[in-house]
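Structure record follows, encoded as structure tokens.
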Number of protein chains: 2
Amino acid sequence: MERMRSSISMAVIRRLPKYYRYLNELVEKGVTRISSMEFGRILGFTASQIRQDLNCFGGFGQQGYGYNVKELRDEIANILGLNKTNNAIIVGAGNLGQAIANYSGFRGSGFILKGMFDINPRLVGISIRDIKIMDIDEMSEFIKKADINVGIICTPKEGAQEVADRLTGERIKAIWNFAPTDLDVPEDVIVENVHLSESLMVLAYLMNQRENAEDNK
Amino acid sequence: MERMRSSISMAVIRRLPKYYRYLNELVEKGVTRISSMEFGRILGFTASQIRQDLNCFGGFGQQGYGYNVKELRDEIANILGLNKTNNAIIVGAGNLGQAIANYSGFRGSGFILKGMFDINPRLVGISIRDIKIMDIDEMSEFIKKADINVGIICTPKEGAQEVADRLTGERIKAIWNFAPTDLDVPEDVIVENVHLSESLMVLAYLMNQRENAEDNK
DNA sequence: TTTTTATTGGTAATTATTTAACAAACTGAT
DNA sequence: ATCAGTTTGTTAAATAATTACCAATAAAAA
């Protein structure tokens with residue numbers, strides 16, 4: 001355990017999953033080795049950036065050879081912590097919550113969905129993929145009992161902060177937040193936001209801009 | 001029409017929706033003016049950054065006064081192109097597609113959902129919020145007829161590129177992509193990705209890191 | 001074995017982004 | 001009207017991120 005320099009920029013970290021995804025595809029295709037140049041061509045990055053990024057975590061390549069695809073894939077899985085399991089619950093079992101419950105990507109990243117909660121009595125009792133929707137009042141007890149450390153917030157923005165407070169009150173470690181608001185949490189709690197409305201507005205901006213550029217031609 | 005300098009960085013653009021969101025909240029609270037310093041305190045940005053960002057688009061403030069909240073909100077809405085309407089279709093009407101169809105955020109950003117498509121015959125014919133799910137073979141005709149310029153891809157990764165090809169073949173302008181893959185499109189087509197798996201892996205990384213840091217204490 | 005070729009890891013240069021600083025200019029009080 | 005207090009827009013400085021470069025070294029060829 002030597003390399004624990006916590007000062008790796010988010011820019012680098014957000015590229016890791018993409019590396020991982022493409023490395024998996026290469027493994028599937030049976031590619032055993034790859035140079036940073038070729039890998040960069042595939043990803044649309046410079047070779048330099050790839051080498052720089054990977055070197056934040058260790059020297060995984062070899063001169064004159066490149067990188068061993070399978071080995072690098074496993075290294076990155078390890079860096080991302082995909083081999084560790086984290087138990088999660090979804091709070092807010094409406095359309096989005098149910099869609100997330102059906103999301104097949106949990107497998108691949110070590111998260112296990114253990115429960116779902118909602119305030120709406122009509123939803124309580126329904127099961128989604130063998131996960132029963134429970135009343136939100138049972139949440140605290142469940143978190144303790146089932147060793148939950150991740151909360152996925154799929155409520156409307158109005159309820160989100162209160163849910164976050166309850167989750168952090170139970171010493172949850174991280175929140176995956178789909179509610180269109182910024183959460184106020186203790187500094188040792190990790191929040192990863194998925195703000196669909198912001199993504200959509202960026203799309204609107206780019207379309208609008210493109211259109212203006214056309215007009216000015 | 002003077003200010004059309006297209007060289008505004010994505011870093012700035014991705015902050016605009018957040019400005020817009022908080023300005024809306026301030027309007028609702030009845031706040032009429034705000035200084036960059038106070039606004040920065042609320043958003044967690046520096047006052048400098050806010051002034052710098054806004055000045056990419058124009059001088060909306062006034063010395064000794066600050067910014068008029070409502071006015072600035074409307075300016076940003078205009079910059080983001082939220083007043084223009086864009087007709088959209090969803091391709092892939094599974095859980096995620098249906099959840100997106102129910103998504104209420106379209107309103108606020110000028111997008112109008114006009115149709116949904118799927119290859120699964122069991123889904124074709126069903127309606128979600130008055131939007132009928134159609135067979136994907138009807139898509140091309142529908143795009144022309146209903147003046148669609150945005151495609152929302154909610155298929156598994158396997159079908160995504162083919163859907164993208166069909167969409168761009170019909171001269172669609174932009175794609176909101178939820179499939180866990182990178183799409184290859186003509187350069188004049190805008191793609192905005194929502195890669196949930198990548199977001200989740202970043203969360204995994206941050207949790208893993210935090211844990212390692214704890215251990216080293 | 002020797003030579004040529006490929007390719008890394010690391011350092012330096014460049015470019016981009018963020019933050020600081022401050023003159024100019026407005027507000028609001030006296 | 002004048003003046004003190006604010007706060008902007010803008011330029012300069014600092015910091016961060018990306019790209020270019022190259023010596024070192026391994027692989028492959030001769």
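As the structure is a computational prediction, the values presented were derived from the model and not from experiment.
Salt bridge status for A/Glu170 with A/Arg166: absent, with no side-chain N to carboxylate O gap under 4.0 Å.
Every residue two or more places apart in sequence or in another chain that forms a ring pair (Phe, Tyr, Trp, His ring centres under 6.0 Å) with B/Phe106 is listed here: B/Tyr103. With sequence neighbours excluded, the residues forming a ring pair (Phe, Tyr, Trp, His ring centres under 6.0 Å) with A/Phe117 are A/Phe142, listed by chain and number.
Listed pair B/Ser48 / C/dA20 fails the phosphate criterion, with no side-chain N or O lying under 4.0 Å from OP1 or OP2.
In this structure, A/Asp53 CG and A/Arg14 CZ are separated by 14.0 Å, a value rounded to the nearest 0.5 Å. Atom CD of B/Glu198 and atom CD of A/Glu192 lie 10.5 Å apart (nearest 0.5 Å).
Under the 3.5 Å distance criterion, the side-chain polar atoms of A/Gln161 are matched with a main-chain donor or acceptor of A/Asp184.
Using a 4.5 Å cut-off on side-chain heavy atoms (C-beta onward), A/Arg21 and B/His195 make contact. Two residues are said to be in side-chain contact when any heavy atoms from C-beta on lie closer than 4.5 Å; B/Tyr67 and B/Leu23 fail this criterion.
Taking atom CE of A/Met10 as the reference point, atom P of C/dT17 lies 17 Å away to the nearest angstrom. Distance B/Arg15 CZ to C/dA16 C1': 12 Å, rounded to the nearest Å. Rounded to whole Å, the distance from CD1 on A/Ile50 to C1' on C/dT8 is 13 Å.
Nucleotides of DNA chain D that come within less than 4.0 Å of any heavy atom of chain B span, from the 5' end to the 3' end, D/dT6 to D/dA12.
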Donor-acceptor contacts under 3.5 Å from residues 69-84 of chain A side chains, at least two apart:
from: A/Arg73; atom 1: NH1; to: A/Asn24; atom 2: OD1; distance (Å): 2.6
from: A/Lys84; atom 1: NZ; to: B/Asn208; atom 2: OD1; distance (Å): 2.8

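Of the residues in residues 22-46 of chain B, those with a non-hydrogen atom less than 4.0 angstrom from any atom of DNA chain C are B/Arg33, B/Thr46. For the contact set between residues 62-71 of chain A and DNA chain C, defined by any heavy atom under 4.0 Å, the members are A/Gln62, A/Gln63, A/Gly64, A/Tyr65, A/Gly66, A/Tyr67.
Place B/Arg51 and A/Gln52 on DNA chain D by their nearest nucleotides, and B/Arg51 ends up nearer the 5' end.
A/Phe39 and A/Tyr19 have tilted rings, their planes meeting at an angle from 30° to 60° on a 0 to 90° scale.
The residue from A/Thr155, A/Asp182, A/Leu183 that alone fulfils the side-chain contact (heavy atoms from CB on, under 4.5 Å) condition with A/Asn177 is A/Leu183.
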